[in-house]
J.: 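Take this structure first; my questions come after.
Throughout, a chain's letter reflects where its sequence line sits, starting with A, and its residues are numbered from 1.
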2 protein chains.
Amino acid sequence: MAQAGEGRRNGRVTIREVAEDAGVSVAAVSKVLRDAYGVSEALRAKVRASMDKLGYRPLASARGMRGQTYTLGLVLPDLRNPFFADIMTGVNNALERTQYQVMMGISSSTAKLETGVVDSMIDRQMDGIILIGSTETRESLNSIATKKPLVAIGHHDPSAETFDTVNNNDQQGALLVVRHLVAAGYRDIAMLSLQGEPSSILSEREMGYRRGMIEAGLGGAINIAHSPQIMRDVQFATRRLLQGPKRPDAIFCWTDFIALEVISVATELGLRVPQDVGIVGYDNTMYCDFAQNSLTSIDQSGELLGLQATRLVIERINGRSDVEHFVVPPRLVARRSTSRKEG
Amino acid sequence: MAQAGEGRRNGRVTIREVAEDAGVSVAAVSKVLRDAYGVSEALRAKVRASMDKLGYRPLASARGMRGQTYTLGLVLPDLRNPFFADIMTGVNNALERTQYQVMMGISSSTAKLETGVVDSMIDRQMDGIILIGSTETRESLNSIATKKPLVAIGHHDPSAETFDTVNNNDQQGALLVVRHLVAAGYRDIAMLSLQGEPSSILSEREMGYRRGMIEAGLGGAINIAHSPQIMRDVQFATRRLLQGPKRPDAIFCWTDFIALEVISVATELGLRVPQDVGIVGYDNTMYCDFAQNSLTSIDQSGELLGLQATRLVIERINGRSDVEHFVVPPRLVARRSTSRKEG
DNA sequence: TGTTCTACGTGTATCGTTCTACGTTTTTCA
DNA sequence: TGAAAAACGTAGAACGATACACGTAGAACA
């Protein structure tokens, strides 16, 4: 085992060869590479020319031994949710003109895997880490933050001191949903939330839902069902809701693709979607727009979240140590799945 | 710029400290780490105990300097397509009991970005690279393969010598689609393919479509439209097809979410989906199952593809040099979007 | 004319691991 | 019993880049 392929490393140009070709010292080349102080424009040009000529590319492992690797780690909980693609677009935009590259890992929503992925990113000397939808405890996040600059997207902890957070206001988002549903004439509004690791964005959304219901004088109808992200379980939970003794006339789902599954189950049960039951999702992913779904949802500007998180983590790498908590306001996008008028 | 955060690297336990704690040489610890030849069970146990006690974790950068990093690079063209989640599941399963970790990068279907991501993975000393849906030229792939063990998923090149491929039989998949549609009574079957970088899986699917049409005596009705992956363009192309002089009665789309968009446009144009126009996708992603979509699609066992690709790349890392081309048969999953009977 | 700055470059120790080369002990076998 | 072979363990040189400590030349100042 573990034998590197023969001669695979061959042909790699080193900083030493560049230095020789350019007729300067190794240190000078390194300085050019890092835009460090102490190189004249002439020398820089000479070195650049040699690098281009020889096709030199710095080896991240070697850089990592003493300095940075110019790599950012991005941890996603799940590859199925297209919302993360929006975040990724923002991250890529933010990285456009920098030396940094992103590497992604998936934590699959399992706490054990999440720490595994994060540890693995620390081992691989990522200069900074962006965690999406983390379910880690505060101590755990603090511990990560002592090792690497850390920014959490989709994790509410406004009193966190050691890492930044980037969020939409989930509580307000849920509130908007309830207000919208009430305005559309729905009363028995249930919420379908995620079962599993406790997540702060979900508890915020649940809180917003409760507040909205109470605000509308529907405190007695509060009904939160929980289901894991597995389709079979979602179907089961949905049937339970829709076939139970007191059928809700609207269901607010914690994310879009769960809502799509709920629409599916409702349809199969012979319920018409806006009329018999209204459905709302969260994240406003591209699937909401399809005519067959036409799903009302909350837009939380994933691209902006990704952009901001990237900005923050790079700022931290460059030395910022005071905390920043960025919050974007959510926006409700109404579609047919909650419009009783024209259905 | 570029100053590592102060004291961040602190607290990292090195192999030297483990050796000291266990009372053995540094090299002995390294051998334990790599399961290398020449350590007794007693010594191994002693070292393992010290590693656990001190919380030692090997630093990938340092390993990469001389040996492997135990990291695999996975390049995806796009985060929006949930099909890749299936592949990823297979990859993760294959990696379960190994030392390897995966890092993902996105190439966003832009050739320039793709080489960028791959180069960046080579710079970061990935031990092997899995490329999904690559649009690189053969020379380009050969060049990558000289540097790192390489496996391509979703790229047909049965005569490639330097890298392995893992595919479903796309031509047969498309053939199955046409046969299914013909059997269901459709005749004017159009295909909606992807515009942009030439991709071998798409040309295979187009070929299969052509063959199927000719086989059914419908060679005169062959009609392949092309559109980029941007929703606006897909809508435009679809309208063109459905509002043109000779409206097709079925559309075969190169991937599921394009098919969903086509269903959406057709619905908005007042066409009923299985009756007026039949729609078929490819990949059999979870969205196909939703009642509101109920999309007929081709299952290409993404999980199996991921599993095999991972197996192959690890074999290559361990020294295999003869080529292997793995092909899985596609399977058609019929749903309502092509069933004219019960519409 | 000397002294002090500053800008520009260089030499080299160093990061944490792997791996080669080489001893020493234990086992095997004639 | 002795010699060869196998097993075990160690020392120390790499790997490629960074960054510290240090020279040197020219400019600025008195």
J.: Picking from D/dG16, C/dT18, C/dG9, which would you name as closest to the side chain of A/K31?
T.: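 Of the candidates, C/dG9 comes closest.
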J.: Less than 4.0 angstrom from a charged side-chain N to a carboxylate O is my criterion; do A/R311 and A/E324 meet it?
T.: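 Here A/R311 pairs with A/E324 in a salt bridge, since their nearest N and O are under 4.0 Å apart.
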J.: For D/dG9, does either OP1 or OP2 sit under 4.0 Å from a side-chain N or O belonging to B/S40?
T.: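 Checking D/dG9 against B/S40, a side-chain N or O does come within under 4.0 Å of OP1 or OP2.
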J.: If you check every side-chain atom of A/L33, which of D/dG16, D/dT18, C/dC19 has the closest atom?
T.: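 Of the candidates, D/dT18 comes closest.
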J.: Just compare C/dG16, C/dT18, D/dG9 and give me whichever is closest to any side-chain atom of B/T14.
T.: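 From the listed options, C/dG16 comes nearest.
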J.: Would you indicate which nucleotide in C/dG9, C/dT18, D/dG16 comes nearest to any side-chain atom of B/M65?
T.: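 Given the options C/dG9, C/dT18, D/dG16, the side chain of B/M65 is closest to D/dG16.
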J.: Can you tell me which nucleotide in C/dT18, D/dA17, C/dT10 comes closest to the side chain of B/S30?
T.: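 The nucleotide sitting nearest to the side chain is C/dT18.
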J.: Would you say A/Y37 reaches C/dC8's phosphate, i.e. side-chain N/O to OP1/OP2 under 4.0 Å?
T.: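 For C/dC8, neither OP1 nor OP2 has a side-chain N or O of A/Y37 closer than 4.0 Å.
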J.: Please determine, for the side chain of B/A27, which listed nucleotide (D/dA17, C/dT10, C/dC19) has the closest atom?
T.: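 Closest of the options to the side chain of B/A27: C/dC19.
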J.: Give the nucleotide from the list C/dG16, C/dT18, C/dT10 with an atom nearest to the side chain of A/V24.
T.: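 Selected nucleotide: C/dT10.
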J.: When you look at A/S120 and A/R124, which way does the side-chain hydrogen bond (donor to acceptor under 3.5 Å, both in side chains) test go after all the steps?
T.: CA-CA 6 Å; A/S120 148; A/R124 281 159 184 78; 3.0 Å; yes
J.: Can you find a side chain N or O atom of B/S25 that sits less than 4.0 Å from OP1 or OP2 on D/dG9?
T.: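 Answer is no, no contact under 4.0 Å.
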J.: For D/dA17 and A/Y56 - does any side-chain N or O of the residue sit under 4.0 Å from the phosphate oxygens OP1/OP2?
T.: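 Yes.
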J.: Tell me whether the side-chain N/O atoms of B/R66 come closer than 4.0 Å to OP1 or OP2 in D/dA14.
T.: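 B/R66 to D/dA14 OP1/OP2: no side-chain N or O under 4.0 Å.
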